[in-house]
Amino acid sequence: MPPASIHKSNRTGPNPATFLSGTFSNELLCTRIFERHRATIKIQKPQVAVANLVRIIEATLTLSNRHGFHAMTLRELAKTSGLSMGGLYSYFDNKETLLSMILGEVSATVTEVLNALPEGLPGSAGRHLDWLIGTHIRLTDEMRPWFTFVFMEAKEFPAKARRMAVESEASTERIFAAVLERGKKSGEFQIVDVGLTAALIKPVVQDWYVKHAKYRKRGIGVDQFVAAATRFLTGATGRRTRR
């Protein structure tokens, strides 16, 4: 059975603030993890399994935020989640598997959401790019603890997890690059190096969750950040408005 879809109906329209708001509860994300790993998770009752996965993931994100995933022990995780050690092993065999569950969900969610272009969005590359920028930022806002975990822990990941994280970032860049290339060919964007431009977009949209405290102190909300980032990034493409 494929993971539960997170994409709402295209009838919600092209505004990411509408179709992303409230979509990414930890329960829904853990439901997707359960369905993706159902063959190896020993607890087969969905309600029980998902509820415990929520406790495990939330405890993992909390402990990692305090002193890092690498330093977190399974004994600490059991205590914080309220599960026994045996209970934890019903869901994963080691910390690397748990890490892969979290990374896999973040990566799959980004890919699914950024590829779910609403039917009502006009076909210009510029409007598509605007939508991608706003959607990516709002997605990271909805799932901020998950994205912060991946960003902060990446340097300590074992080789397999590090490859997953690198490929996830490359996949996102390819989505942006495809739109930039289309706009370049149509003459809407004045870009010399599409790949480099796509790579430079990533740190700007990441800044919302990487340095969220800075923006919160300045009283900048997600709507304001989205608007500013969109103006900055689309302006950097030398965008020409299509008539």
Side-chain angles (χ1 to χ4, degrees), residues 1-12 16-65 69 77 80-83 87-118 132 135-154 157 160-172 174-175 205-206 209:
M1 179 179 181
S5 175
I6 54 171
H7 177 52
K8 291 186 176 181
S9 168
N10 282 329
R11 288 177 297 177
T12 56
T18 300
F19 82 85
L20 291 178
S21 180
T23 302
F24 300 92
S25 68
N26 286 342
E27 183 177 3
L28 184 141
L29 294 169
C30 288
T31 296
R32 285 163 54 88
I33 290 175
F34 171 66
E35 292 175 358
R36 188 175 288 111
H37 295 272
R38 200 164 193 165
T40 56
I41 290 175
K42 297 175 183 177
I43 307 300
Q44 291 299 299
K45 291 184 178 180
Q47 288 185 327
V48 175
V50 170
N52 285 340
L53 277 171
V54 170
R55 292 163 67 182
I56 292 168
I57 299 298
E58 288 181 348
T60 299
L61 298 178
T62 297
L63 290 170
S64 297
N65 188 53
F69 181 81
L77 181 58
T80 303
S81 67
L83 298 175
L88 293 182
Y89 285 122
S90 296
Y91 295 90
F92 53 85
D93 53 355
N94 54 48
K95 281 176 59 178
E96 188 165 349
T97 299
L98 172 61
L99 179 59
S100 294
M101 287 178 168
I102 297 172
L103 282 175
E105 185 53 39
V106 172
S107 178
T109 300
V110 171
T111 300
E112 183 175 340
V113 169
L114 294 187
N115 281 316
L117 187 68
L132 283 176
T135 298
H136 192 292
I137 293 168
R138 292 182 187 282
L139 174 62
T140 63
D141 190 59
E142 291 281 332
M143 290 178 61
R144 195 181 315 132
W146 298 66
F147 279 90
T148 302
F149 168 83
V150 173
F151 182 86
M152 297 302 294
E153 297 296 328
F157 286 167
K160 179 181 177 182
R162 195 158 51 246
R163 287 193 297 270
M164 287 179 64
V166 169
E167 173 52 32
S168 179
E169 181 157 339
S171 177
T172 302
R174 287 193 293 269
I175 293 172
V205 296
Q206 277 183 328
Y209 66 89

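Rounded to the nearest 0.5 angstrom, K45 NZ and F34 CZ are separated by 11.5 Å. M152 CE to L61 CG: the interatomic distance, rounded to the nearest 0.5 Å, is 13.0 Å. In this structure, L63 CG and F149 CZ are separated by 10.5 Å, a value rounded to the nearest 0.5 Å. Note: M101 CE to I56 CD1 = 8.0 Å, rounded to the nearest 0.5 Å. Between atom CG of residue N52 and atom CD1 of residue I57 there is a gap of 11.5 Å, rounded to the nearest 0.5 Å. From L98, atom CG reaches atom CG of L88 across 8.5 Å, with rounding to the nearest 0.5 Å.
Side-chain atoms of R162 do not come within 3.5 Å of backbone N or O of A154 as any donor-acceptor pair. In this structure a side-chain-to-backbone donor-acceptor pair under 3.5 Å is missing from E96 to D93.
Contact check for K42 versus Y91: no side-chain heavy atoms found under the 4.5 Å cut-off. Between M164 and S100 the shortest side-chain heavy-atom distance falls below 4.5 Å. Considering only heavy atoms from C-beta on, F157 comes within 4.5 Å of L103 through its side chain. The closest side-chain heavy-atom distance from M143 to L29 is below 4.5 Å. Here the side chains of N94 and T97 are in contact, with some heavy-atom distance below 4.5 Å. R38 places a side-chain heavy atom less than 4.5 Å from the side chain of P46.
Counting all heavy atoms, side chain and backbone alike, F69 lies closest to K95 at O-NZ, 2.7 Å.
Using bins of under 30°, 30° to 60° and over 60° for the plane-to-plane angle, the ring pair F147/Y209 lands in the tilted bin.
Taking a 6.0 Å sphere around CD of Q47, one finds it holds 12 or fewer heavy atoms contributed by other residues, nucleotides or ligands.
A salt bridge links R144 with D141: at least one charged nitrogen is closer than 4.0 Å to a carboxylate oxygen. Salt bridge annotation for E27-R32: absent, with no cationic side-chain nitrogen under 4.0 angstrom from a carboxylate oxygen. Look at E169 and R174 and you find no salt bridge, because none of the NZ, NE, NH1 or NH2 atoms lies under 4.0 Å from a carboxylate O.
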Evaluation steps, side-chain contact (heavy atoms from CB on, under 4.5 Å), between L77 and T60: CA-CA 7 Å; L77 181 58; T60 299; 3.4 Å; yes
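Only one option out of V50, V54, L53 pairs with T31 in a side chain to side chain contact (heavy atoms under 4.5 Å, CB included); it is V50.
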